[in-house]
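Just so we're on the same page: letters track the sequence lines, and every chain starts at 1. Just the heavy atoms: all of them, side chains too, but no hydrogens, waters or symmetry mates, feed the values below.
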Amino acid sequence: MDDGVIAVAAGGATALALPQATARRAPLGLWAGGILAALLVLLPLGFTVYQASTFGFNDAFDLLARPLVGELLINTLKITAATTLAATVIGTAAAWFVERTHLPGRRLWSVLVVVPLAIPPFVTSFAWVSLSLSLQDFAGALLVVTSAYYPLVYLPVAAALRGMDPALEETSRALGCGPWACFFRVVLPQLRPALLGGMLLVALGVLAEFGAFTLLRFRTFTTEIYAEYRTSFDSTGASLLACVLIVLCLVCLAAEFRVRGAARYARLDRGTRRAALRYRLGWARWPIVAGFAALALATLGVPLGMIVFWLTQHAQAAVTPVSVSFEALTDATFASIGLGLAGAALTTLLALPLGFLLARYANRFATALERTVFIAQGVPGIVIALAIVSLAVHALRPLYQSAELLVVAYAIMFLPLALVSVRAALLQAQPRLEDTARVLGLNGLQVAWRVVLPLAGPGLGAAAAMVFIATVTELTTTLLLSPIGTRTLATQIWVDTSALAFAAAAPFAALLVAISLASTWLLMSLLGKSAVLGSHQG
Amino acid sequence: MSEVRIERLSKRFGTHQVLRGVNLSVASGRLVAILGPSGSGKTTLLRLLCGFERQDEGAIWIGDTLMSGPSVHVPSERRRIGYVPQEGALFPHLSVADNIVFGLPRALRQKRHRVAELLELVGLPQSYAARPPQELSGGQQQRVALARALAPAPALVLLDEPFSSLDAALRIETRQAVAQALTFAGATALLVTHDQSEALSMGSEVAVLWNGQLIQVASPATLYRHPVNPELASFVGEAVLLAGIVEQGQLKCALGRLNIAPGTRDGVVEVLLRPEQIRLQSAAEMPTAEAAGSVAALVSDAVPGVVQDVTYYGHDASVRIRLGHNVMLNARVPGYRCPAPGATVYCSVEGDAVTYAR
């Protein structure tokens with residue numbers, strides 16, 4: 001009986017404490033850091049729009065009214081819609097079977113359906129192209145990007161299914177609903193936020209995808225922007241196409257914001273968690289297991305199998321024979337890891353001031369800065385890379401094709417990714433814990449070392465790890481901005497596969513996938529499966 | 001509404017035997033409370049009735065229909081059961097009205113069949129129909145959950161600790177509203193709870209589930225006054241348990257001679273009293289020897305003791321008293337008569353004592 005009263009009193013106390021905490025003034029240095037981060041993100045976007053605006057209206061109209069642009073638009077929308085649909089169906093079905101039925105081997109499947117996130121799409125397309133050159137164009141593109149992106153639907157839907165109150169389904173059964181009616185009238189409506197969120201992430205990913213489409217010779221806005229830049233080495237023409245692509249992406253991003261911001265169907269209660277209802281599959285379990293096996297074969301078996309196959313072949317077996325020196329291999333590995341570490345460090349550092357502002361001094365301006373940074377999620381890597389190239393050529397000549405500029409580009413691209421984790425990590429170290437430590441006699445430095453770091457450290461580490469994975473598997477920006485003579489694992493795979501030197505690409509692909517899988521596995525075992533959600537976009 | 005019959009119901013999870021041959025029948029239109037400590041198997045019993053789980057042995061009848069037996073298992077959706085889960089479990093994506101009509105056929109759903117009537121039945125204003133459930137308090141959600149369960153006119157309503165998540169004041173109010181609504185609807189209902197005051201105040205009968213067995217099914221008054229064993233006595237309320245001896249139909253214990261039911265067998269017994277049966281008087285209130293001449297028997301029964309400590313609640317108080325060297329007992333006294341710690345009081349007993357052979 002007294003519990004209720006105590007809980008109310010405690011609730012009142014925290015409610016009173018909050019405004020005090022937010023009323024404190026943030027140090028100016030924090031604001032400067034936050035504003036710098038937001039400006040960095042706006043820079044490539046602003047420059048692209050500025051470049052496009054240098055065209056007169058008539059020129060711009062002529063350039064955009066070409067049949068080519070229409071074809072690109074149709075291609076891009078077609079592949080985005082088809083992939084999103086396919087990923088939604090596969091991801092939702094997989095999540096439902098794993099979370100809601102007595103599917104044989106569901107532990108194993110629940111891991112295998114997430115692993116494809118750790119294999120970059122351009123590696124998957126290398127595998128399929130090297131399996132059969134006829135697998136190209138729309139069908140090939142659909143297969144490759146769907147198998148790369150469907151976990152983005154699976155993960156949030158599975159989490160939502162796990163978090164759903166089993167009493168809702170039981171109640172609907174008691175009220176006369178059979179399993180199907182229960183799914184469509186109770187389960188599906190509650191999955192909606194997770195489902196829509198996942199679908200929009202897939203759409204954003206496909207709109208920004210470059211490597212896979214190039215290798216599969218499927219023309220979209222990203223491939224054409226790259227092609228125009230390569231033919232003229234001037235990004236002005238490409239900037240118009242980029243603007244169209246940005247508009248498409250920002251529409252998706254805005255919709256994603258809305259879905260995320262909309263009141264989630266939170267559980268109405270705070271009761272004890274009971275295990276969810278699981279359905280018996282009966283004889284149907286064998287065809288469904290076969291389906292999961294086929295999915296794993298297509299999304300993991302073929303990519304990994306083809307890499308292993310080409311590793312065992314002599315260079316001559318490929319269409320173009322190129323042999324790989326051990327030195328090239330180690331150089332590329334060190335370049336990838338070095339750039340990855342630098343990118344992770346700079347991005348996390350850049351996210352810290354804004355993350356601190358959001359965790360401790362949240363106000364409207366801080367939220368505006370946060371939203372600005374999140375715009376980077378909606379700007380495809382190719383656009384950011386191109387803008388930075390032209391900026392460097394026009395204004396920062398000495399930095400052009402320097403490793404420093406490439407790392408800055410990574411930081412701009414992956415800042416939203418780092419910010420989410422950094423902010424969550426800093427929220428772990430609540431001010432009242434610091435106050436308590438102070439009262440217990442610790443000075444500022446000791447508080448940072450003994451309270452803030454242990455609490456926020458894992459989250460900050462996770463942020464850095466996610467950026468590391470994203471950077472190592474990044475292709476587009478690296479391709480455009482890497483210093484002359486520097487080859488990373490990703491660019492080497494791209495170059496070799498483009499030249500149809502599959503045997504030469506294989507060792508690089510094997511190393512890249514190994515690094516990505518190992519660090520993803522580490523991240524997942526530290527922070528749970530959903531931690532990898534953000535790390536494979538762009 | 002129809003009667004419910006449960007026959008020799010057994011259920012085991014792994015090696016843990018949760019229910020052991022439970023028999024129970026509930027007459028049509030009655031509300032029976034199933035009372036048991038946590039882990040006694042009461043939620044399992046409810047889930048078997050709902051059809052969410054299937055028993056290992058035994059049968060469940062609702063009305064004339066065998067719902068579950070060795071060769072039959074009617075799925076939940078065809079049992080015509082109204083189920084009110086622990087915390088309401090309203091569908092968060094539907095308004096209050098849509099929640100209430102959820103279990104009705106489509107045509108009736110679109111007409112918002114009986115929404116107004118049911119809202120009134122559970123004591124909620126009509127304006128709540130359009131609200132999302134998130135805007136309701138815990139007690140209001142619980143009432144909507146009951147309205148939703150009653151809407152399809154179920155044969156039986158099952159309530160799974162429906163008030164445990166509410167705070168004290170709201171709990172009593174919601175309890176009353178729910179009991180009233182169930183009575184008006186004439187529903188046959190089973191209420192599962194671990195809260196003895198809830199079981200005693202709501203059930204027309206209380207069935208006590210203990211280690212997977214029903215050890216007593218009785219009216220609330222019988223259960224409180226004559227529980228079948230001392231452990232149960234302590235579970236359904238505060239109990240004063242003393243050692244005693246019955247000789248020639250007379251009980252003697254630390255509180256002197258007490259009245260017992262006629263026909264009690266001689267021997268060593270355990271004596272059960274309720275704390276509110278013990279009356280405390282100060283020395284000043286005791287009748288003087290001369291005045292007491294005619295009622296000598298009563299005076300000799302008042303046993304002196306020393307107040308050890310007092311827990312004061314306002315309307316009443318719980319007083320711990322030491323009698324002699326090693327007998328402690330609890331008494332409940334009205335708040336205004338609360339003695340001070342250290343005071344000497346005289347204890348007498350009102351009403352019968354209950355004895356258990358040892």
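- In terms of heavy-atom proximity, Leu168(A) sits nearest to Leu90(B) at CD2-O, 3.3 Å.
- Taking CZ of Arg173(A) as the reference point, atom CZ of Arg78(B) lies at 10.0 Å (rounded to 0.5 Å).
- Taking CD of Glu77(B) as the start and CG of Leu175(A) as the end, the distance is 11.0 Å to the nearest 0.5 Å.
- When heavy atoms are compared at a cutoff of 4.5 Å, Arg148(B) approaches chain A by way of both its backbone and its side chain.
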Q: Kindly indicate, with the supporting measurements, whether the criterion side-chain contact (heavy atoms from CB on, under 4.5 Å) is fulfilled by Arg192(A) and His93(B).
A: CA-CA 10 Å; Arg192(A) 227 176 56 186; His93(B) 58 292; over 6 Å; no

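- Considering all non-hydrogen atoms of both residues, Phe91(B) and Val186(A) come closest at CE2-CG2, 3.6 Å.
- Here the closest heavy-atom approach between residue Arg185(A) and residue Phe102(B) is recorded as NH2-O, 2.9 Å.
- Between the SG atom in Cys50(B) and the CD atom in Glu170(A) there is a gap of 7.5 Å [rounded to 0.5 Å].
- Only the side chain of Phe52(B) comes within contact range of chain A, with at least one heavy atom under 4.5 Å from a heavy atom of that chain.
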